[in-house]
Amino acid sequence: MQDLFSTDEASDSPQWERIAIGEQACVLRGFALRWQQALLGELTHITSQAPFRHLVTPGGRHMQVAMTNCGQFGWYSDRLGYRYVRADPLSAQPWPAMPPSFMELAAQAADAAALSVFAPNACLVNRYTVGTRLTLHQDEGDASQPIVSVSLGLPAIFLWGGHERGDATQKLPLQHGDVVVWGGVDRMRYHGVMPVKDGASPVTHPLLAGQRINLTFRRAG
């Protein structure tokens, strides 16, 4: 069943659509459009303080997708393993603070998905260039709290799997402004992103030129 909502009472506000993809998971199409200018402005500031970088897996491979973080905690990977850290290892400074617009979007998306009150303390920012992908994985952090994932820029195909890596996956097309939310019984589902294809971003901004930006909000620890 699909429900159509408005982000606020103004007639010219972006419309958004909720599509269930699990018992406690959904795609909120167009949900983030209300915040897009604030998000892009804040991302410019965040990435000037903590630039994108390609992390190294514990096995020594460089990840295709570049990343950075904001919030009290940042997700990190190197030869020592996957973990959340309070400071950016490149600068030894705390990660940039999570902007109010980020917090508001994440909280309202979780509410729209009928999940628990959500106050994220970590936001992983991934940058996909054409041809890059993200293999199937489960998100770490507090499994009692939902995940809110926001798509900006180039479209992508989101892979939505089951609770085992070998389970069948659904291919869900995501556009600029779409949000995927999952929690509860769906919190530990495997998911990923197919190789991003070339195309035109619906918004002109340096961060989105030939790229896709994904914000993943979590509660760490």
What pair of heavy atoms forms the shortest contact from Phe52 to Asn126, and how long is it?
CE2-C, 4.3 Å
Atom of Ala106, atom of Val148 and distance for their closest heavy-atom approach:
O-CG2, 3.8 Å
Within one Ile-Leu-Val-Met-Phe-Trp-Tyr cluster: Leu40 and Phe31, side-chain cutoff 4.5 Å
yes
Dump the intermediate steps for side chain to side chain contact (heavy atoms under 4.5 Å, CB included) on Ser101 and Glu42, then the final yes or no.
CA-CA 8 Å; Ser101 59; Glu42 294 290 3; 3.9 Å; yes
Does the salt bridge (Lys or Arg N to Asp or Glu O under 4.0 Å) test come out yes or no for Asp78 and Arg83, once each step is laid out?
CA-CA 9 Å; Asp78 56 20; Arg83 62 197 185 279; 2.8 Å; yes
List, by chain and then residue number, the residues other than Phe158 in its hydrophobic cluster (Ile/Leu/Val/Met/Phe/Trp/Tyr, side-chain heavy atoms under 4.5 Å); write none if there are no others.
Ile21, Val27, Val65, Tyr128, Val130, Leu134, Ile147, Leu154, Trp160, Leu172, Leu174, Val180, Trp182, Val193, Val196
Distance-only, no hydrogens or angles: does the His191 side chain make a donor-acceptor pair with backbone N or O of His137 under 3.5 Å?
yes
Distance-only side-chain donor-acceptor flag, Asp178 / His176, under 3.5 Å:
no
Residues Leu136 and Gly192: closest non-hydrogen pair is CD2-N, 3.8 Å
Indicate yes or no for a side-chain donor-acceptor contact from Gln211 to the backbone of Thr129 under 3.5 Å, with no hydrogens or angles considered.
no
So which heavy atom on Arg133 is nearest to which on Gln64, and how close?
N-OE1, 3.1 Å
Contacts of Tyr82 that satisfy ring-ring contact (aromatic ring centres under 6.0 Å, His included) - sequence neighbours left out
Trp75
Is any side-chain heavy atom of His205 closer than 4.5 Å to one of Thr44?
yes
Give the cluster check for Val181 versus Leu159: same hydrophobic cluster or not, with ILVMFWY residues linked at side-chain heavy-atom distances below 4.5 Å.
no
Tell me yes or no: between the side chains of Asn214 and Thr216, is some donor less than 3.5 Å from an acceptor?
yes
Please say yes or no: joined through hydrophobic side-chain contacts below 4.5 Å, possibly via intermediate residues, are Leu55 and Ile213 part of one cluster?
no
Here the gap from Leu43 atom CG to Gln36 atom CD, rounded to the nearest 0.5 Å, amounts to 12.0 Å
Name of the residue among Glu140, Gln72, Arg218 meeting side chain to side chain donor-acceptor pair (under 3.5 Å) with Tyr84
Arg218
Distance (rounded to the nearest 0.5 Å) between Leu215 CG and Leu105 CG
7.5 Å
Salt-bridge test for Asp88 and Arg53: reply yes if a basic N is under 4.0 Å from a carboxylate O, no otherwise.
yes
Once you round to the nearest 0.5 Å, how far does CG of Leu90 lie from OG1 of Thr68?
8.5 Å
Distance-only, no hydrogens or angles: does the Thr57 side chain make a donor-acceptor pair with backbone N or O of Arg61 under 3.5 Å?
yes
N/O donor-acceptor pairs under 3.5 Å from side chains in residues 110-124, not counting sequence neighbours:
unit_1, atom_1, unit_2, atom_2, d
Asn121, OD1, Ala220, N, 2.7
Asn121, ND2, Ala220, O, 3.3

Using every non-hydrogen atom in the two residues, find where Pro89 and Trp95 come nearest and quote the distance to one decimal.
CD-CZ2, 3.9 Å
Separation between OG1 of Thr132 and CZ of Arg212, rounded to the nearest 0.5 Å:
9.0 Å
Working to the nearest 0.5 Å, report the span between NE2 of His54 and OG of Ser77.
13.5 Å
For the pair Phe102 and Leu39, evaluate side chain to side chain contact (heavy atoms under 4.5 Å, CB included) and give the outcome as yes or no after the intermediate values.
CA-CA 7 Å; Phe102 282 41; Leu39 297 179; 3.6 Å; yes
For Arg187 versus Ala143, what's the shortest heavy-atom pair and its separation?
CG-O, 3.2 Å
Rounded to the nearest 0.5 Å, what separates atom CE in Met103 from atom CE in Met98?
6.0 Å
Any donor-acceptor pair under 3.5 Å linking the side chain of His163 with the backbone of Asp186?
no
Within a strict 4.5 Å, meaning less than it, do heavy atoms of the Leu33 and Trp16 side chains meet?
no
Same cluster or not: are Leu28 and Val203 linked, directly or through other Ile, Leu, Val, Met, Phe, Trp or Tyr residues, by side-chain heavy atoms under 4.5 angstrom apart?
yes
Side-chain touch Pro173/Arg29, heavy atoms, less than 4.5 angstrom:
yes
I want to check a possible cation-pi pair here: Arg165 against Tyr190, using under 6.0 Å from ring centre and within 45° of the ring axis as the test.
no
